[in-house]
Structure formats: C-alpha cells, structure tokens
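Reviewing the structure listed below.
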Amino acid sequence: MKLFRPHRPFTNPNYQTKPISTPTSTTTTALSDHLDNDEKFVSHLLNIVRGKQSWRIALTSPFVSSNLRPRHVEQVLAQTLDDSRLALRFFNFLGLHNNFTHSTASFCILIHALVRSNLVWPASSVLQTLILRNGPNNPALVFESLMRSYERFGFISTYGFDLLVQNYVHYKRVLDSVVVVRLMCECRILPEVRTFSAVLNGLIRIKQFGMVLGLFDEIVGMGLRPDVYSRTAVVQSLCQLKDFDGAKEMIRSMELNGCELSIVTYNVLIHGLCKSWRAWEAVEVKNSLSQKGLKADVVTFCSLVLGFCAIKEFEVAKRLTDEMVELGFLPTKEALSCLVDGLRRKGCVADALDLVNKVGKVGLVPSPFVYNALINSLCKDGKLEEVEVLYNNMGEKGLFPSDVTYSILINSFCKRGQLDVGLCFLGKMTQAGIKPTVYHYNSLISGHCKLGKMHAAKDLLTGMIDKGLSPTVVTYSALISGYCKEGEVHKAFRLYHEMTGKGISPNIYTFTALIYGLCHANKMAEASKLFYEMQQWNVIPNEITYNVMIEGHCREGNTVRAFELLDEMVKKGLVPDTYTYRPLISGLCSIGRVSEAKEFVDDLHMENRKLNEMCFSALLHGYCKEGRLKDAVGACSEMVERGVDVDIVCYAVLINGFLRHHGTKKLLGLLKEMHDQGLRPDNVIYTSMIDAYGKAGNLCKAFGVWDIMVSEGCIPNVATYTALIHGLCKAGSVDKAELLCKEMLVSSSIPNQITYGCFLDQLTTEGHMEKAVQLHNAMLIGSLANTVTYNILIRGFCKLGRIEDAVKILLEMGDNDILPDCISYSTIIYEYCRRGNLLEAMKLWDCMLSKGLNPDTVAYDFLIYGCCVAGELAKAFELRDEMMRRGLKPRWCLLIVKDKTRLASSPKSWIDVICVDIKIQALWCYYHTNNCGRNTHGFAVEHMLNTNIFLAFEATPCWITDMNLCCYESMPGNVFNELDQQKDEGSSMRLP
C-alpha cells in the first residue's frame, strides 16, 4: 500500500460536516453537567472492562443497561486502543449479551484498531458484520465513517480501507468496491496491488471488461505499479473485447518494462485466441514461449486442444494431446471429452477409442458423457463387441453406467433388432439399482413392434404399468404402428381410444401410423376421414402422412385423388420426394396408364426434380407388365443419361419381365450387362428365374439356374428353396420336393408356412386329406400354421364334398388362436349354396359378420348365387344393395336386371344380358378358382351353368342342354366361343 499523507485533515468534498451551533449561557451549565456525567459513566465502564469483576454481572446491571449509549461505547473503544483484543471482547460482549446496537463509528474505530495491532482476520470479520448489517446501503457512507475514524484518532495504516474493498469483492458487490477505490483515490489513498487485482478480476467475473480498462488507467495514472496479475486481468479483458492487438501490446510492454513474466498471462492470450477461432495464432504464441524462458503447461495445451476442436482440426488437436502426454501432462476431462467427441462425430470412432485407451493407461478417465457418446457411435456402426468392452471398461475405471448409458444401449440394440440384448441390459440396469424409466421401456416396446412381436410388446407395456410408469404418446404410437403393420387395425384403434381417453393427445406419428394401417387395409374412406380429423387435434400432416395417403389412393387405383393430394401438399409448402413420386408412377402403371406415367417422369425431369432408382423401377415394372419390353430397355437408357444408375432392383424387374414374356435371348444379354456393370445377380433375381421356370414346368432350366446360383457363391434362401419345391410339387414330383426340403433343413434354411403350404396344397389337390391333416398338425406344433394353411384344408374338404370336416377345421382355427378370414367362411358358404342349403350358408354368413369380418365381393357373389339357386330373389337383391352401399361392385347379371317384370317383358334384351354377363362371370370364376387351386375348367363351367339354371327358371328359357357340350372338358375360351356362336345363330337360345 502507499500512503501519501498519513496525518491529514479529511478533505473529501463529498463529506459535509454539520455546523455546530454556539451554546447560549442558559445551556452551558446543563451541557457541562451532561459531559461530566458521560465522563463519569465512561470511567465506570473502563473500570469494569479493565477490572476483574464479572462482566456478565456488571455490564448487565440495570444502571449500565439503562444509561449505555453508542457514544459511550465509542469513547471506551477509543480509550482501549492500546489493547485492541480487549476492545474486541467488550464490543462483542455488548452485542451478544445485551443485544446492544453499535454505531457505525464504533465499528470503524474497532476495525482500525485491530488493523493497527495486525489482527487482520478479526478486523475483516467486524467489517463483514458491518457490511451485512448495512445491506445494500450506499458504500460511500461506510467509507466516510471509516475515513472519519481514521483521521479523528490518527491511525497510520490504511489497510482498513483495503479490507473494505476486499470484502465488497468477496460478497460479489464488485461495483461497490469500485466506488470505494475511487473514493480512496480522491483522498489520495492508493489501494494495495493485491486489492486492486482482486477488484479487476471481480469486474471480469461480471463481464465489465470496459470498466477494467478504465479503472486500470486511472489507478496506474496515480502512480500505482501494477503486478503481473493486474496486467493479466487487462489482457483477459482485451481478449474478451476481441482486441487482440491491444492484448499483445500489453504483453510486449510487460516484457520491455522488466515486469515479471508468467505463463498465466500467455495462457490467457492463447485461450482468448482459441475462443475466437484463431487457434493457429495461438500456436505461434505457444511456440514463442521458449524464447521468453517459459514452458507451456497443461492449461496451454488444453486451451489449444479445445481451440482446434472448435475449428474441427481434430488431427492437430490429437497431435497436441499426444505431445502433452509425452511431456507428462494429463489433459483435462473437458479437453479430452471434447476431442474424443469431435473425433467420434467426424467418423473417426477408432481413433477416439484408441485415445481413450491411451490416456486410460496413465490414469485419466473421460467423462461419462464421452463414454455414452462413444457407446452410441459404436452401436450405430454395428461394432457391438467394442460396445461390450467399453461398457465393461466404465466399471473398471470407476465410472458407473447411468440411466443415460443404459438408455443408449437399450435403444441402439433394439433398433438393430437385437431385442434379447436390450432386455439383458434392462436386467443389468435393475441389478445396478437404477430404476428403468418410460424411455427405456419405449425403446424396447418400439423394437418389438418393428419386428412384429406384438404379444411381447404388450407384455412390456403391462410390466411398465405395474412398475408405476405411465405410458406416453411415444409408447402408444409405437404399439399402434406395430398393430397397423401387422394388419390388426382394430387393435390399433382400441389403443388410440384408450390413449385419448387418458388425456394423452396423439401426435403426427400416431395419426400417420393409423392412416397407414387403414390404407393397407383398403379402407381409404376411413383413412381420408382420419386425415382431415387430424386438424381437430391441431396436428398438421407432414410429408410422410401425405406420402402414405398418396400411396393408399394409388394402390386403390384412384390416381386422380392421389394427384390432388400432391397439389395440396405443394400448396402447403411441403416438398415432395421420391417416396411421393414412386407410388404415383406405380399407381398410373397399375391401371394401365404407363404412357402417362412416362410423361409424369419426363415432367419431373423438366422441373429438375431428382428421381432415384425406386421411381424408375416402378416405371420399368409398368412397361414389363404390359409386355412393352423395348420401352423398358429404353427407359433404362434414359436413366443412365439422367445420372441415375441402373441398380440391381431395376435389373431384377427387367429380368422378371423378360421371363414372363419369354424373352430368353434378351435375358442372357441382361445378365451379361449386369456383369459388365460390376453387378451380380442376387437371391431375388435367381429366385425369380427359378420360380418362373418352375411355374412353366421347365424344371431342367430351373435346376440349371440353381447350379449357376450356387457356383456364383450366392446361397439359396428359404424363398429359393420354396420356389423350386413349388415347381416340383406342381409337376407331381413330390418325392423330389421332399428330398429338397430335407436338404433345406441341412443347409440351415428353415422351411416356413409357404414351403409346407406347397406340400399341403398338393396333398389336398390330389385328395389325400388324411396326410394333409397330419402335415398340418405338425405345422401347428412348429407354430407354422396360419389362416392360409387352414384355408387350404377347408378348400380340400369342400372339394371332396366333406363339408362337415371343413366346418370342424373352421372351429379348430379358433381353438388354436388363429382367426379365420373372409375366404375361410366364403369357401364353406359357397359349398352350402352349391348344395342348395341356404339356411346353413346364412348361419355361417351371420357368424362371419359377428366376428367383425367384412365380406368381400367374392363372398357376396357366393351368397347371392345361393339365394338365386334357392329362389330367394328378395334376399339376393338385399345383399346386392348392401354390397353396393359398402362400395363393392357387383359382377352378376342379376344385378343388371333389377326386376322380374323386365325379364318377362324384354326377353331379347335379357338374353343379351345373359350372354355378356355369363362371359364375365365365367372369366371371374376361372380366375378365382385357378388361384384357389381347384379343378379350374370344370368348376368354372359348373358354376356358370348352375347360375343360369336359375336364370332359365325365372325367364323359362330352355337352352341349358346345348351348353352341356363344353362341360368339364372345354377351356373357358371355348365356352365363350360356344356362347357367341349360340347367340349369333339364335336357334339354341330362343325362348319358347
């Protein structure tokens, strides 16, 4: 400290002394008596304080307590300056035992006295009490009182003022400390350098960098010689203000003036440069340290590491880390964590892991955040073994995995489909005493739903609720999405209503999942209703929602509405993508408008819309479906011209098209072209070739492709085996098919429902129902039976006329928790109708409706046919009206002629209707029964003839005999020719 005038009058202009009025003669005597009494009372107090009598008794007596005033205490303190410890005891005693309120002057006298006796800590304690007592009052008042006591009693040391400044800084009243410093300067009292440095650093903490520079200039201008810490504070302020030239100039002045240099000052400059993305300048400063006799320390290196990480120069940061480790420095957790996370984000996960292992050998452990981030990256990269090692490493280093760690692990493994590992980590989490949260369960539930394991997902939901955790919208959305993907939309809506009933608002993912389920269930009316109902929940459809709706309408063939939705989403500012365009292209192709699809693709190209292989593969599929193979090849050429590579999927579509249209020569050329492009046929292509040859009965070529496939190192999968088995079964080579199935088991390819369904279908076709039932029972044991396999058995029994056995199979489905579908019921309903047993058919129909199944067009046709055969025209028309209300299109001639009076009055037109609609009906019967595997030709004609027996009965024509010529032997095409011939001749179809 520096004192210019240790003994001087108080000359502060801010301090105003009150004028003392001159006492009159009448008051002189009274004042004199009062002073005499005060002197006697103070003398009495001094005797007590310096004497040996008990303070508790003497100072708490009624006489002392009633007469004691602050001025008396001030006088006692002033007369005990020679023993400041005694003065402190007296001061504290009055406050503790008498609840006496001291004056500010008493505090100030005692502070100076203690400082003079070098009792700094007690003096600071008294100052703290004074500051806290005064609260946020003006610090100038405290300073003035301290100054008055200082001059009144002739104290020499000014350290009491420094203590006042230091205490204001300590209690984070930095601006008040600045006020005191400036008042000190006005009184020509300079603070100590240490005090001044504390004020500057306090100002830095509250980001008053400009005030630091101003105060520094003021104090230094008055003659204070700042130390390295004060100058470092200035350098730091300049760096914070981005004035790096000024900061460097301050350091140069320190070097020139012979000021003691410190690595701290240079570290401040390096840190400032690094924070301002000027890490390369910071390296130059670091490299110049050796010339100044200084060495970089851990702070220097860590600042540089953080600086280079900020500018994404992770390789440089890693080299600096290696250098500091070689010098024996350990990077801070912050620097190490930042570098490891930076390397991880850049994709250098191996380098990040190597760095963690390297510093781990010298005892440094990154933060749990870094471990969590590394585990997350390794999980995304599929490096699950490293994940296990890193997880175990955490425990060895004393870092216990947190709920965040387990959340990352469970979520990552579930996303990769490794649900067992996810459940294992949930168990470890519970064993570690960490309670699972809803987020952990959401990951597990979502993972199970994505793999279609809905029963397990529902069990997890139940367990979650049992543990007191409430499902969130994420939980419900995952389950809803899972049920919709499995086609169980009714269960999805049950959860939706449960969720909304609990006050949980659905989000965009909930609605999109439900709309997806409705679209795939061909319930576009309900999907459209829900699409607009979203807005009532203030949920705005996004691109994915629109894509789902567009795909649903395209799948239904309603491309007009699909393109309307495309225009709507564009108007709303949503950007269509390839997932939008592909269903539109595919939808146009599916309804035979391939040329329009090509025009749409060209328009998108003109608008600079980027199309990918998916979009072009849809166009190729449309061309191939129509047999326009040259156009398909031409579209491939355009793909290449537009910068889109012909991928293996496009080649698969082309190959399948050429197989369907017998383009064998071009097929070989396509395979060669694939090879030239560096592509090899995959399982899908080879399987499609084997399947095509097998269905065509060309098993030699099918086995030839099989041999090529194996020689190319492409391992046949379950679909490949099943395709060849189906071809063998169709050709009647069941023994060879069984040998192939055994080979399949040896090759670790597990047969599925479709594989066994080939054998099941062949057995039922040949009428071997006992063997078929035995095979199906084995499938039940292996959990391979499903609705389709049961339908094959039902069809087989119905074909043999064993309708009672078919009904038993239908009942057995429910016992085995397998739900019958519309085909299950309609197959038996048709058999009842064919036999004329309309009563049983109607009972089964009502049973189907009670199960919540919606009949399709085929089911309605079967029952309408039965009603017609039984003469129940009213019921037939009622069913016709019902199916039309449901949006189903009738295909029977009966639906065109709506009443019997028109039949009788217009026999000629009636015959025309019969001839046209019989052809439609026969074609439908052929298509339907062919897919079901019946004796197609005979069944179709029989079905057609039975229908027209009813028509003949109603209109009394007698021409059925003429049609019996083509029964059971003629192809459907011959039937049509026969009908056309009869109609043209008019003889055999005339009415009597």
### Query
Got Val788 and Gln753 here, is their nearest side-chain heavy-atom distance under 4.5 Å?
no

### Task
Starting from the C-alpha separation in whole Å, work towards a yes-or-no answer on salt bridge (charged side-chain N to carboxylate O under 4.0 Å, His left out) for Glu315 and Lys318.
CA-CA 5 Å; Glu315 292 80 4; Lys318 189 174 184 300; over 6 Å; no

### Query
Are Cys714 and Tyr686 close enough that some pair of their side-chain heavy atoms sits under 4.5 Å apart?
yes

### Query
Are Asn547 and Pro583 side-chain neighbours, meaning at least one heavy-atom pair lies under 4.5 Å?
no

### Task
Kindly determine whether Asp577 and Lys610 satisfy salt bridge (charged side-chain N to carboxylate O under 4.0 Å, His left out), including the steps that lead there.
CA-CA 8 Å; Asp577 56 13; Lys610 296 295 182 182; over 6 Å; no

### Query
Can you tell if the side chain of Phe616 reaches within under 4.5 Å of the side chain of Val644, non-hydrogen atoms only?
yes

### Query
When you measure from the side chain of His448 to the backbone N and O of Leu444, does any donor-acceptor pair fall under 3.5 Å?
yes

### Query
Under 4.5 Å between any side-chain heavy atoms of Leu728 and Val734, yes or no?
no

### Task
Would you please indicate yes or no on a ring centroid separation below 6.0 angstrom for Trp706 and Tyr693?
no

### Message
Donor-acceptor check, side chain of Ser446 to backbone of Ser443, threshold 3.5 angstrom: yes or no?
### Response
no

### Query
Does the side chain of Tyr721 reach to within under 4.5 Å of the side chain of Cys741, using non-hydrogen atoms?
no

### Task
Decide whether Glu673 and Tyr651 meet the rule of one side-chain donor and one side-chain acceptor closer than 3.5 Å.
yes

### Query
If you measure from the Lys or Arg side-chain nitrogens to the Asp or Glu carboxylate oxygens, is any gap between Lys742 and Glu738 under 4.0 Å?
no

### Message
Under a 3.5 Å cutoff, is there a donor and acceptor pairing between the side chains of Ser824 and Asn791?
### Response
yes

### Contact check, side chains of Met524 and Asn558, non-hydrogen atoms, under 4.5 Å
no

### Query
Which heavy atom of Val489 sits nearest a heavy atom of Ala521, and at what distance?
CG2-CB, 4.2 Å

### Task
Show your working on ring pair (Phe, Tyr, Trp, His ring centres under 6.0 Å) between Phe563 and His553 and close with a plain yes or no.
CA-CA 9 Å; Phe563 275 96; His553 283 298; over 10 Å; no

### Task
Please step through salt bridge (charged side-chain N to carboxylate O under 4.0 Å, His left out) for the pair Glu638 and Lys598, ending with a clear verdict.
CA-CA 11 Å; Glu638 288 187 13; Lys598 179 63 169 61; 2.9 Å; yes

### Task
Would you check if the distance from the ring center of His776 to the ring center of Tyr790 is below 6.0 Å?
yes

#### Entry: Note, His675 side chain near Leu671 side chain (heavy atom, < 4.5 Å)
no

